Amino acid sequence: MGSEVRIYFFYEKGCFYMIDSIKTNLKAVLETALRTANDLSEVNVVVEEPKRANQGDLSIPVFMIAKTIGKPLPETAAHLQELIRSSDLAPLFSSVAPLGGFLNLSLDKAAVAQGVFRDFEAALSEAKAGEGNGFGSLSIGAGQTVVIDYSSPNIAKPFSVGHLRSTIIGQAIGNLLAKCGFRVVRINHLGDWGTQFGKIIYAYKHFGDEEKVRQNPINELVKLYVEFHEMAKENPAMEDEARRIFNELEQGNPEYLRLWSWFREVSLEDYMKVYELLDVRFDSYNGEAFYNDKMQPVIDQLATQGLLKEDQGAMIVDLGEDLPPALIQKSDGSTLYITRDLAALFFRKREYHFDKALYVVGNEQKLHFEQLKAVVRKMGFPFWKDIEHVNFGLVLQDGKKMSTRKGKVVRLADVLNEAIELSRQTIEDKNPDLEGKAEIARKIGVSAVIFNDLKNYRANDFEFNLEEMVKFEGQTGPYLQYTSVRITSILNADDFHYDGNVDYSLLSQEVFFDIIKAAGDYGKTIERAALEASPSILAKYLLNIASLFNSFYGRERIAVEDLRERRTKEHLIYLVREILDDGMRLLGMKTIERM
RNA sequence: GACCCGAUAGCUCAGCUGGACAGAGCAGCGGCUUCCUAAGCCGUCGGUCGCAGGUUCGAAUCCUGUUCGGGUCGCCA
């Protein structure tokens with residue numbers, strides 16, 4: 001087995017898997033050899049990257065292995081050293097030294113640097129040829145389809161910062177999956193059906209004003225919605241009336257249908273403005289109403305399978321001890337969220353033949369998706385396992401969930417505008433002569449908001465804090481853009497063109513090699529971020545590589561006299577910029593050339 | 001009441017398939033610009049990893065209990 005491993009195995013992936021490849025191959029080689037030598041069925045070798053500088057580039061905890069194979073530590077360490085020395089991987093290491101219970105390996109930095117640049121050049125030519133998914137694309141998702149449901153705002157409610165999260169997290173995950181070779185179907189499952197329309201129609205008919213709605217549709221509809229809830233507190237009968245209206249809407253009442261259609265249209269127009277600002281696109285805008293005629297077959301099938309039963313006048317599917325029953329049909333015969341989600345799911349399976357169905361929806365709907373999966377499972381469809389709730393934390397205000405019903409929401413458009421305004425002021429302050437200020441301010445502001453959301457693990461709650469959102473120093477979007485812009489500026493000043501003329505031996509110094517190592521992790525980072533549906537993994541990575549560059553830039557002069565050294569440095573920072581720009585694009589941010 | 005999620009530096013968070021002295025950013029303090037953009041860099045200060053047990057050679061990481069915060073629990077989505 002070991003002899004089949006080739007030294008330059010890592011180029012096969014062609015997309016920045018350098019460090020990961022070395023680790024996994026080293027692990028495989030050692031495990032195979034140890035198994036054979038000790039006649040064991042299982043030996044686990046851990047290869048990790050130590051945090052301390054004096055501990056080498058990679059290290060292997062030896063005491064663990066010594067215990068497994070039942071030999072003394074020094075003997076085991078010596079054995080491992082010998083195994084590494086005699087393996088095909090040997091040329092990659094400049095030293096292998098035992099220290100404490102660990103075996104510390106130093107990489108041959110020039111060899112690794114060369115490997116990373118080989119990957120980089122492959123990525124560049126791929127991007128140039130317009131192949132794959134651009135720069136450094138992966139193929140782990142080839143032949144597989146993922147449908148991803150995100151944004152999905154509720155019509156006639158404001159586009160809140162809660163929907164912002166779904167929108168930008170979903171967009172980034174879609175980009176990441178596409179990068180990995182998946183066919184991605186982006187679906188905006190508009191909340192354009194449901195009892196809320198009964199409420200709004202009721203409110204509109206009782207105290208609405210056609211002219212006002214025409215003037216300022218979204219705001220007015222929200223006002224009606226909030227007003228309805230305030231009044232309904234005093235007069236609960238209104239809720240019943242709203243449900244009755246929605247039921248009639250489902251039955252096809254023409255007046256209600258006309259109002260519904262109007263509300264839907266004006267709301268959608270408002271959303272489109274936000275999508276444009278965020279540069280978000282969908283493959284489908286089929287909302288809940290689209291499934292209006294597709295629910296009965298689902299209900300029929302549930303009935304045929306004997307899964308549906310009546311309970312207190314409503315139709316439910318019993319999900320056993322662990323989950324509360326799923327309410328499929330209200331006592332008045334009208335449908336519910338889960339009914340429409342089931343219809344949508346089956347439609348998506350038929351239409352797109354997905355291998356994975358993702359739902360980028362808040363934590364608060366965890367139970368809903370557990371129920372959805374459970375119902376599909378009960379119906380006997382094996383693809384219940386392919387349904388995944390990509391949950392995200394609530395947007396809190398003063399530690400509490402925001403509520404539309406009480407009118408406590410922050411409008412996304414306001415947040416974006418505020419961020420854009422702040423970038424404009426900053427530009428005015430730092431670079432007043434900048435050309436195309438307005439456009440650049442927009443790109444900085446919007447990207448700042450996007451990055452602020454994506455940099456933290458999505459499932460954690462998100463305390464809404466506008467000041468925090470538009471901060472431009474430290475771990476922020478502008479920091480990444482600024483880093484990229486700096487590099488561009490340096491390269492332009494010297495009229496740099498990539499020609500692959502790099503002196504790898506110069507890259508062995510610590511300041512260079514930290515960057516090389518980080519670059520060599522890019523592919524693995526994207527893969528992890530995509531498979532874990534965690535854009536924050538990529539976001540943190542980008543912050544790290546940007547910080548490495550800035551640190552490098554603070555210590556080393558790039559425009560040095562020595563041409564060989566200058567070109568090598570320029571190639572290195574060019575590599576950093578391409579990764580930064582590519583990563584930012586994946587997150588849905590905008591890249592810029594100056595700021 | 002039941003179930004789910006969270007708790008790491010003053011603040012915002014990484015780290016969580018167990019590994020060598022727990023890391024960033026912000027805030028504070030002290031520096032850096034005759035030279036590639038200071039939206040930056042360097043240094044410094046700062047932590048009983050909520051608490052208590054347990055498993056382990058080794059626990060922020062796994063298990064149990066507990067406290068606090070948030071979410072959810074059939075006719076909203």
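Note that the coordinates shown come from a computational prediction; the quantities given were computed from them, not determined experimentally. Here is how names work: the chains are called A, B, and so on, in the same order as the sequence lines, proteins then strands, and each is numbered from 1.
- Using the six-membered ring where Trp is involved, F246(A) and W193(A) have ring planes that are perpendicular, over 60° apart on the 30 and 60° scheme.
- One atom, NZ of K540(A), and another, C1' of G15(B), lie 10 Å apart when rounded to the nearest Å.
- In this entry the distance linking CZ of R486(A) with C1' of A39(B) reads 9 Å, nearest Å.
- Minimum heavy-atom separation, L543(A) to T476(A): CD2-N, 4.1 Å.
- Nucleic acid contact class of E556(A) (heavy atoms, under 4.0 Å, all strands): base.
- The glycosidic torsion of G71(B) lies more than 90° away from 0, which places this base in the anti conformation.
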Considering only nitrogen or oxygen atoms on both sides, find all protein atoms under 3.5 Å from nucleotides 2-9 of chain B and state each distance.
none

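- Within 3.5 Å, a donor on the side chain of S331(A) pairs with an acceptor on the base of C75(B), or the reverse.
- Within the structure, salt bridge (charged side-chain N to carboxylate O under 4.0 Å, His left out) contacts touching residues 64-75 of chain A (residues at least two apart or in different chains) do not occur.
- Taking atom P in both C51(B) and A22(B), the straight-line distance is 16 Å, to the nearest Å.
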Problem - Derivation and outcome, side-chain contact (heavy atoms from CB on, under 4.5 Å), residues L319(A) and V375(A) - result: CA-CA 7 Å; L319(A) 299 174; V375(A) 171; 4.0 Å; yes
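- The separation of A14(B) from U56(B), taken at their C1' atoms, amounts to 26 Å, rounded to a whole angstrom.
- Taking atom CD1 of I245(A) as the reference point, atom C1' of C75(B) lies 17 Å away to the nearest angstrom.
- One C1' atom belongs to G58(B), the other to C16(B), and the distance between them is 16 Å to the nearest Å.
- Taking the ring-ring contact (aromatic ring centres under 6.0 Å, His included) definition, one finds that Y337(A) meets it with H368(A), sequence neighbours left out.
- Between the NE2 atom of H189(A) and the OG atom of S152(A) there is a distance of 6.5 Å, given to the nearest 0.5 Å.
- For F369(A), the ring-ring contact (aromatic ring centres under 6.0 Å, His included) partners two or more places apart in sequence, or in a different chain, are Y359(A), H389(A).
- A search for side chain to side chain donor-acceptor pair (under 3.5 Å) contacts involving D318(A) returns K309(A), not counting sequence neighbours.
- In this structure, F102(A) counts as stacked on the base of A20(B) under the 5.5 Å centre distance and 30° plane angle limits.
- Side-chain rings of Y574(A) and Y498(A) approach one another, their centers coming within less than 6.0 Å.
- In this structure, S423(A) and A441(A) approach most closely via the heavy-atom pair OG-O, 3.3 Å.
- Among the protein residues, Y553(A) comes within range of the nucleic acid bases, having at least one heavy atom under 4.0 Å from a base atom.
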Problem - Base-contact (B) and sugar-phosphate-only (S) positions in nucleotides 23-30 of chain B, heavy-atom cut-off under 4.0 Å, - elsewhere - result: SBSS----
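- Comparing the P positions of G65(B) and G25(B) gives an interatomic distance of 39 Å, to the nearest angstrom.
- Regarding L327(A), its CG atom lies at a distance of 7 Å from the P atom of C75(B), rounded to whole Å.
- At a non-hydrogen distance threshold of 4.0 Å, T426(A), I427(A), K430(A) from residues 421-437 of chain A come into contact with RNA chain B.
- Atom P of nucleotide G40(B) and atom CD1 of I558(A) are separated by 17 Å, given to the nearest angstrom.
- Using a cut-off of 4.0 Å between Lys/Arg side-chain N and Asp/Glu carboxylate O, E370(A) and K373(A) are scored as not salt-bridged.
- Per the geometry, CZ belonging to R577(A) stands 14 Å off C1' belonging to C36(B), to the nearest Å.
- On the P atoms, G43(B) is 10 Å away from A24(B), given to the nearest whole Å.
- Listed pair Y479(A) / C41(B) meets the phosphate criterion, a side-chain N or O lying under 4.0 Å from OP1 or OP2.
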Completion exercise
Pairs under 3.5 Å (Watson-Crick or G-U), crossing ones as [ ], inter-strand ones as |: RNA chain B comes out as (((((((..((((.....[...)))).(((((.......))))).....(((((..]....))))))))))))....
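- At A77(B), none of the side-chain N or O atoms of Y337(A) fall inside 4.0 Å of OP1 or OP2 (strictly under the cut-off).
- Contact annotation for R557(A): base contact, defined as any heavy-atom pair under 4.0 Å involving a base atom.
- Using a 4.0 Å heavy-atom distance criterion, Q481(A) is classed as making no nucleic acid contact.
- For A20(B), its base sits under 3.5 Å from the side chain of S59(A) at one donor and acceptor pair at least.
- Smallest separation of non-hydrogen atoms from L26(A) and I60(A): CD2-CD1, 4.1 Å.
- For the side chain to side chain donor-acceptor pair (under 3.5 Å) test, no residue two or more places apart in sequence or in another chain qualifies with T339(A).
- With rounding to whole Å, L480(A) atom CG is found 16 Å from U37(B) atom C1'.
- Within the 4.0 angstrom heavy-atom criterion, only backbone atoms of the sugar-phosphate kind lie near S551(A); the bases stay farther away.
- Applying the ring-ring contact (aromatic ring centres under 6.0 Å, His included) rule to F549(A) yields the partners Y553(A); only residues at least two apart in sequence or on another chain are considered.
- Taking the six-membered ring wherever Trp is involved, the centroid distance between the rings of F392(A) and F462(A) does not fall below 6.0 Å.
- U17(B) and A59(B) are spaced 14 Å apart, taking the C1' atom of each and rounding to whole Å.
- Remark: R555(A) is not in phosphate contact with C41(B), judged by side-chain N or O atoms under 4.0 Å from OP1 or OP2.
- Across all strands shown, I316(A) has heavy atoms under 4.0 Å from base atoms, whether or not it also approaches the sugar-phosphate.
- Remark: I440(A) pairs with I427(A), L434(A), I444(A), I592(A), R594(A), M595(A) by the side chain to side chain contact (heavy atoms under 4.5 Å, CB included) rule, at least two apart or across chains.
- With rounding to whole Å, L394(A) atom CG is found 8 Å from G70(B) atom C1'.
- Between U8(B) and G47(B), the distance separating the two C1' atoms is 8 Å to the nearest Å.
- Here the two rings, on F347(A) and F290(A), have centers that are under 6.0 Å apart.
- For the P atom pair drawn from U44(B) and C36(B), the interatomic distance equals 28 Å after rounding to whole Å.
- Checked against the 6.0 Å centroid criterion, the rings of F512(A) and F552(A) qualify as a close aromatic pair.
- Within the 4.0 angstrom heavy-atom criterion, base atoms lie near V485(A).
- Salt bridge annotation for E48(A)-K23(A): absent, with no cationic side-chain nitrogen under 4.0 angstrom from a carboxylate oxygen.
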Listed pairs, N/O of protein and of nucleotides 31-34 of chain B, under 3.5 Å:
none

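- Base contact: A559(A) has a heavy atom under 4.0 Å from a base atom.
- Looking at heavy-atom distances under 4.0 Å, N104(A) makes contact with a base.
- In this structure, T195(A) reaches the A77(B) phosphate: one of its side-chain N or O atoms is under 4.0 Å from OP1 or OP2.
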